[in-house]
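Chain letters run A, B, ... following the sequence lines, proteins first, then strands; residues in each count from 1.
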Amino acid sequence: QRLKAAVHYTAGCLCREVAEDKKMEFSKQTIAALSEITFRQ
Amino acid sequence: AGFRKETVDRLLRLYFRDRRTRVNGDAQALMAEMLNVFVREAAARAARQAQAEDLEQVDIEHLEKVLPQLLLDF
Amino acid sequence: EKWSLSPEEFEIWDRLYRIKESDGIKTPTLPQVWFETIENLEERSKHEEETAHELSLSKWRIWQNQSFPTFMVDHSDRCYHFTSVMEMIELMRHEQGDCSYQLEIQPHLCLEDVH
(Lines give C-alpha, C1' and ligand atoms only; values in the text may rest on other atoms or scores of the structure.)
Protein backbone atom coordinates (compact mmCIF):
# COMPACT_ATOMS: atom_id res chain seq x y z
CA GLN A 1 0.00 0.00 0.00
CA ARG A 2 2.90 2.38 0.71
CA LEU A 3 4.27 1.63 -2.73
CA LYS A 4 0.84 2.25 -4.29
CA ALA A 5 0.69 5.57 -2.41
CA ALA A 6 4.10 6.53 -3.84
CA VAL A 7 2.89 5.66 -7.37
CA HIS A 8 -0.39 7.52 -6.75
CA TYR A 9 1.44 10.63 -5.49
CA THR A 10 3.83 10.66 -8.47
CA ALA A 11 1.03 10.08 -11.00
CA GLY A 12 -0.84 12.97 -9.34
CA CYS A 13 2.15 15.31 -9.68
CA LEU A 14 2.60 14.36 -13.35
CA CYS A 15 -1.13 14.90 -13.96
CA ARG A 16 -0.89 18.33 -12.36
CA GLU A 17 1.86 19.28 -14.80
CA VAL A 18 -0.35 18.25 -17.73
CA ALA A 19 -3.33 20.04 -16.12
CA GLU A 20 -1.36 23.30 -15.86
CA ASP A 21 -0.09 22.91 -19.41
CA LYS A 22 -3.60 22.34 -20.80
CA LYS A 23 -5.46 24.62 -18.32
CA MET A 24 -7.64 21.66 -17.30
CA GLU A 25 -8.51 20.02 -13.99
CA PHE A 26 -8.30 16.27 -13.30
CA SER A 27 -10.90 14.71 -10.99
CA LYS A 28 -9.64 12.62 -8.07
CA GLN A 29 -11.10 9.51 -9.66
CA THR A 30 -9.22 10.11 -12.88
CA ILE A 31 -5.90 10.45 -11.04
CA ALA A 32 -6.67 7.35 -8.96
CA ALA A 33 -7.58 5.39 -12.11
CA LEU A 34 -4.44 6.56 -13.87
CA SER A 35 -2.37 5.55 -10.84
CA GLU A 36 -3.94 2.07 -10.75
CA ILE A 37 -3.36 1.62 -14.49
CA THR A 38 0.27 2.70 -14.09
CA PHE A 39 0.80 0.33 -11.18
CA ARG A 40 -0.58 -2.55 -13.24
CA GLN A 41 1.48 -1.51 -16.27
CA ALA B 1 7.72 15.55 -11.22
CA GLY B 2 8.60 11.97 -12.03
CA PHE B 3 9.12 8.49 -10.70
CA ARG B 4 12.10 7.92 -8.42
CA LYS B 5 14.47 5.14 -9.44
CA GLU B 6 14.15 3.62 -5.98
CA THR B 7 10.36 3.49 -6.26
CA VAL B 8 10.60 1.82 -9.66
CA ASP B 9 13.18 -0.64 -8.32
CA ARG B 10 10.78 -1.55 -5.54
CA LEU B 11 7.90 -1.92 -8.00
CA LEU B 12 9.88 -4.24 -10.23
CA ARG B 13 11.11 -6.37 -7.32
CA LEU B 14 7.51 -6.98 -6.26
CA TYR B 15 7.22 -9.39 -9.17
CA PHE B 16 10.63 -11.04 -9.31
CA ARG B 17 10.57 -14.72 -8.36
CA ASP B 18 14.17 -14.70 -7.18
CA ARG B 19 14.59 -12.13 -4.43
CA ARG B 20 18.28 -11.79 -5.28
CA THR B 21 17.46 -10.38 -8.75
CA ARG B 22 18.72 -6.83 -9.05
CA VAL B 23 17.95 -4.02 -11.50
CA ASN B 24 20.95 -1.83 -12.31
CA GLY B 25 20.79 1.96 -12.14
CA ASP B 26 20.42 2.50 -15.91
CA ALA B 27 17.53 0.04 -16.14
CA GLN B 28 15.86 1.71 -13.16
CA ALA B 29 16.27 5.15 -14.76
CA LEU B 30 14.95 3.91 -18.11
CA MET B 31 11.95 2.23 -16.46
CA ALA B 32 11.23 5.40 -14.45
CA GLU B 33 11.30 7.46 -17.65
CA MET B 34 9.01 4.95 -19.39
CA LEU B 35 6.47 5.32 -16.56
CA ASN B 36 6.78 9.13 -16.74
CA VAL B 37 6.05 9.04 -20.47
CA PHE B 38 3.16 6.59 -19.90
CA VAL B 39 1.45 8.79 -17.29
CA ARG B 40 1.99 12.02 -19.24
CA GLU B 41 0.66 10.44 -22.46
CA ALA B 42 -2.41 8.99 -20.71
CA ALA B 43 -3.15 12.31 -18.99
CA ALA B 44 -2.65 14.32 -22.20
CA ARG B 45 -4.92 12.02 -24.24
CA ALA B 46 -7.66 12.05 -21.57
CA ALA B 47 -7.39 15.86 -21.31
CA ARG B 48 -7.67 16.14 -25.09
CA GLN B 49 -10.84 14.00 -24.98
CA ALA B 50 -12.35 16.26 -22.29
CA GLN B 51 -11.45 19.33 -24.40
CA ALA B 52 -13.11 17.73 -27.43
CA GLU B 53 -16.27 17.54 -25.31
CA ASP B 54 -15.86 21.20 -24.28
CA LEU B 55 -15.34 20.29 -20.64
CA GLU B 56 -12.83 21.80 -18.21
CA GLN B 57 -12.56 18.81 -15.92
CA VAL B 58 -11.07 15.50 -17.01
CA ASP B 59 -13.27 12.71 -15.66
CA ILE B 60 -12.81 8.99 -15.46
CA GLU B 61 -14.86 8.39 -18.63
CA HIS B 62 -12.39 10.46 -20.69
CA LEU B 63 -9.64 8.13 -19.52
CA GLU B 64 -11.83 5.09 -20.25
CA LYS B 65 -12.40 6.27 -23.83
CA VAL B 66 -8.68 6.48 -24.61
CA LEU B 67 -7.70 3.47 -22.49
CA PRO B 68 -7.92 0.58 -25.03
CA GLN B 69 -5.68 2.35 -27.55
CA LEU B 70 -3.33 3.64 -24.83
CA LEU B 71 -2.74 0.12 -23.50
CA LEU B 72 -2.14 -1.14 -27.04
CA ASP B 73 0.40 1.65 -27.58
CA PHE B 74 2.54 0.63 -24.59
CA GLU C 1 13.41 4.68 2.78
CA LYS C 2 14.07 6.64 -0.40
CA TRP C 3 11.49 4.71 -2.43
CA SER C 4 8.64 5.84 -0.19
CA LEU C 5 6.93 9.19 0.38
CA SER C 6 8.58 11.72 2.67
CA PRO C 7 6.35 13.09 5.46
CA GLU C 8 5.73 16.24 3.38
CA GLU C 9 4.88 14.18 0.29
CA PHE C 10 2.63 11.94 2.41
CA GLU C 11 0.75 15.01 3.66
CA ILE C 12 0.25 16.28 0.08
CA TRP C 13 -0.87 12.82 -1.06
CA ASP C 14 -3.31 12.51 1.82
CA ARG C 15 -4.75 15.97 1.16
CA LEU C 16 -4.88 16.03 -2.66
CA TYR C 17 -5.00 12.51 -4.02
CA ARG C 18 -6.01 9.92 -1.44
CA ILE C 19 -9.57 8.58 -1.97
CA LYS C 20 -11.39 9.06 1.33
CA GLU C 21 -14.72 7.72 2.59
CA SER C 22 -16.02 11.31 2.58
CA ASP C 23 -15.32 11.58 -1.16
CA GLY C 24 -18.15 9.15 -1.80
CA ILE C 25 -16.27 7.57 -4.68
CA LYS C 26 -14.97 4.05 -5.23
CA THR C 27 -11.36 3.18 -5.92
CA PRO C 28 -10.97 2.56 -9.64
CA THR C 29 -9.55 -0.81 -10.70
CA LEU C 30 -8.79 -2.40 -14.04
CA PRO C 31 -11.00 -5.28 -15.17
CA GLN C 32 -9.79 -8.74 -14.21
CA VAL C 33 -7.98 -10.75 -16.85
CA TRP C 34 -10.08 -13.84 -17.64
CA PHE C 35 -8.60 -16.61 -19.76
CA GLU C 36 -11.02 -19.25 -21.07
CA THR C 37 -8.21 -21.62 -21.89
CA ILE C 38 -5.92 -21.43 -18.86
CA GLU C 39 -6.62 -21.10 -15.17
CA ASN C 40 -7.30 -17.55 -14.02
CA LEU C 41 -4.18 -15.95 -12.68
CA GLU C 42 -5.70 -13.70 -10.07
CA GLU C 43 -8.70 -14.17 -7.80
CA ARG C 44 -10.18 -10.93 -6.49
CA SER C 45 -11.88 -10.99 -3.08
CA LYS C 46 -15.63 -10.36 -2.90
CA HIS C 47 -14.91 -7.27 -0.79
CA GLU C 48 -12.59 -5.86 -3.46
CA GLU C 49 -15.31 -6.45 -6.07
CA GLU C 50 -17.85 -4.40 -4.13
CA THR C 51 -15.60 -1.52 -3.13
CA ALA C 52 -14.05 -1.01 -6.56
CA HIS C 53 -15.09 1.03 -9.56
CA GLU C 54 -14.06 -1.30 -12.35
CA LEU C 55 -12.85 0.55 -15.45
CA SER C 56 -14.33 -0.72 -18.69
CA LEU C 57 -12.38 -1.40 -21.88
CA SER C 58 -15.59 -2.06 -23.81
CA LYS C 59 -18.02 0.60 -22.64
CA TRP C 60 -16.87 2.96 -25.43
CA ARG C 61 -16.18 0.20 -27.94
CA ILE C 62 -18.19 1.88 -30.70
CA TRP C 63 -15.74 4.82 -30.45
CA GLN C 64 -12.75 2.54 -31.05
CA ASN C 65 -13.00 2.40 -34.85
CA GLN C 66 -11.17 5.75 -35.04
CA SER C 67 -7.65 6.46 -33.75
CA PHE C 68 -7.66 8.92 -30.85
CA PRO C 69 -5.18 11.84 -30.96
CA THR C 70 -1.70 11.10 -29.56
CA PHE C 71 1.01 13.35 -28.06
CA MET C 72 4.55 12.11 -27.39
CA VAL C 73 3.81 8.47 -28.24
CA ASP C 74 2.27 7.57 -31.60
CA HIS C 75 -0.10 4.67 -32.09
CA SER C 76 1.45 1.22 -32.42
CA ASP C 77 0.82 -1.15 -35.33
CA ARG C 78 -1.17 -3.29 -32.85
CA CYS C 79 -3.37 -0.27 -32.16
CA TYR C 80 -3.96 0.50 -35.85
CA HIS C 81 -4.78 -3.17 -36.33
CA PHE C 82 -7.28 -2.92 -33.45
CA THR C 83 -8.99 0.22 -34.77
CA SER C 84 -9.15 -1.17 -38.33
CA VAL C 85 -10.78 -4.39 -37.09
CA MET C 86 -13.22 -2.30 -35.02
CA GLU C 87 -14.04 -0.32 -38.19
CA MET C 88 -14.66 -3.57 -40.10
CA ILE C 89 -16.94 -4.75 -37.26
CA GLU C 90 -18.80 -1.44 -37.35
CA LEU C 91 -19.36 -1.77 -41.12
CA MET C 92 -20.52 -5.37 -40.79
CA ARG C 93 -22.73 -4.63 -37.79
CA HIS C 94 -25.61 -3.47 -40.00
CA GLU C 95 -25.31 -6.22 -42.60
CA GLN C 96 -28.25 -8.55 -43.05
CA GLY C 97 -27.86 -12.04 -44.56
CA ASP C 98 -24.75 -12.33 -46.78
CA CYS C 99 -21.38 -11.34 -45.38
CA SER C 100 -19.65 -8.80 -47.65
CA TYR C 101 -16.21 -9.92 -46.52
CA GLN C 102 -16.96 -13.52 -47.48
CA LEU C 103 -18.40 -12.46 -50.86
CA GLU C 104 -15.27 -10.41 -51.56
CA ILE C 105 -12.65 -12.89 -50.45
CA GLN C 106 -14.20 -16.25 -51.45
CA PRO C 107 -13.45 -15.95 -55.23
CA HIS C 108 -9.75 -15.85 -54.40
CA LEU C 109 -9.79 -19.18 -52.60
CA CYS C 110 -7.71 -21.97 -54.23
CA LEU C 111 -8.63 -25.24 -52.50
CA GLU C 112 -5.14 -26.69 -53.06
CA ASP C 113 -3.88 -23.88 -50.80
CA VAL C 114 -5.79 -25.32 -47.87
CA HIS C 115 -5.87 -29.09 -48.51
Side-chain angles (χ1 to χ4, degrees), chain B residues 1-17 19 21-25 27-55 57-74, chain C residues 1-10 12-13 15-17 19 23-34 41-42 51-90:
Chain B
F3 285 90
R4 279 199 203 112
K5 291 195 326 181
E6 294 77 6
T7 309
V8 168
D9 180 53
R10 195 85 189 200
L11 268 171
L12 292 172
R13 287 207 264 130
L14 269 184
Y15 294 94
F16 290 160
R17 284 191 189 83
R19 300 185 60 77
T21 305
R22 285 288 172 270
V23 185
N24 81 12
Q28 289 174 5
L30 192 57
M31 195 66 199
E33 182 55 18
M34 200 288 281
L35 288 179
N36 293 340
V37 169
F38 178 77
V39 172
R40 286 200 180 98
E41 185 69 17
R45 291 186 189 186
R48 172 66 177 273
Q49 184 53 39
Q51 280 170 337
E53 298 175 22
D54 282 334
L55 299 169
Q57 168 152 301
V58 186
D59 283 324
I60 210 159
E61 76 168 43
H62 302 122
L63 185 57
E64 269 184 331
K65 285 168 183 169
V66 302
L67 190 55
Q69 297 182 34
L70 176 84
L71 293 179
L72 284 165
D73 290 340
F74 280 85
Chain C
E1 294 153 271
K2 205 154 179 253
W3 64 269
S4 182
L5 295 182
S6 66
E8 300 75 29
E9 289 171 336
F10 184 90
I12 293 170
W13 169 70
R15 180 163 39 87
L16 292 182
Y17 306 123
I19 304 269
D23 293 326
I25 52 181
K26 293 184 174 182
T27 307
T29 59
L30 273 172
Q32 273 207 298
V33 181
W34 293 111
L41 306 177
E42 55 189 25
T51 58
H53 167 163
E54 189 166 281
L55 296 173
S56 167
L57 288 171
S58 56
K59 185 171 165 186
W60 307 97
R61 60 183 171 279
I62 56 172
W63 291 43
Q64 302 305 326
N65 61 339
Q66 301 293 326
S67 299
F68 279 88
T70 62
F71 288 83
M72 295 184 289
V73 178
D74 290 339
H75 284 311
S76 62
D77 291 344
R78 279 189 309 175
C79 185
Y80 285 124
H81 174 55
F82 168 66
T83 50
S84 67
V85 169
M86 294 303 276
E87 172 65 1
M88 177 185 168
I89 291 169
E90 184 58 24

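Residues B:Gln28 and B:Val23 share a closest heavy-atom pair of NE2-O, 3.0 Å. Contact detail for C:Glu87 and C:Asn65: the closest heavy-atom pair is OE1-ND2, 2.8 Å.
Other residues, nucleotides and ligands place no more than 12 heavy atoms under 6.0 Å from the CG atom of C:Asp77. Within a 6.0 Å sphere centred on CZ of B:Arg19, heavy atoms belonging to other residues, nucleotides or ligands number 12 at most. Counting heavy atoms of neighbouring residues, nucleotides and ligands inside a 6.0 Å radius, atom CZ of B:Arg4 exceeds 12 of them.
At a 4.5 Å heavy-atom cutoff, the contact between C:Lys2 and chain B is made by backbone and side-chain atoms alike. The parts of B:Arg45 that come within reach of chain C are both its backbone and its side chain, each placing non-hydrogen atoms under 4.5 angstrom from that chain. With a 4.5 angstrom heavy-atom cutoff, C:Asp74 touches chain B only via backbone atoms. Heavy atoms closer than 4.5 Å to chain B are found in both the backbone and the side chain of C:Thr70. Contact of B:Phe74 with chain C is made through backbone and side chain together, with heavy-atom distances under 4.5 Å. Heavy atoms of C:Trp60 lying under 4.5 Å from chain B belong exclusively to its side chain. Looking at C:Pro28, the atoms closer than 4.5 Å to chain B (heavy atoms on both sides) all sit in the side chain, from C-beta outward. Of the atoms belonging to B:Glu61, heavy atoms from both backbone and side chain fall under 4.5 Å from chain C.
A salt bridge between B:Lys5 and B:Asp9 is absent, with no side-chain N of the basic residue lying under 4.0 Å from a carboxylate O of the acidic one.
Residue with the most contacts toward chain C among B:Asp73, B:Leu11, B:Leu63, B:Ile60: B:Asp73 (heavy-atom pairs, distance under 4.5 Å).
Ring pair C:His75/C:Tyr80 is perpendicular by interplanar angle, where above 60° counts as perpendicular and below 30° as parallel.
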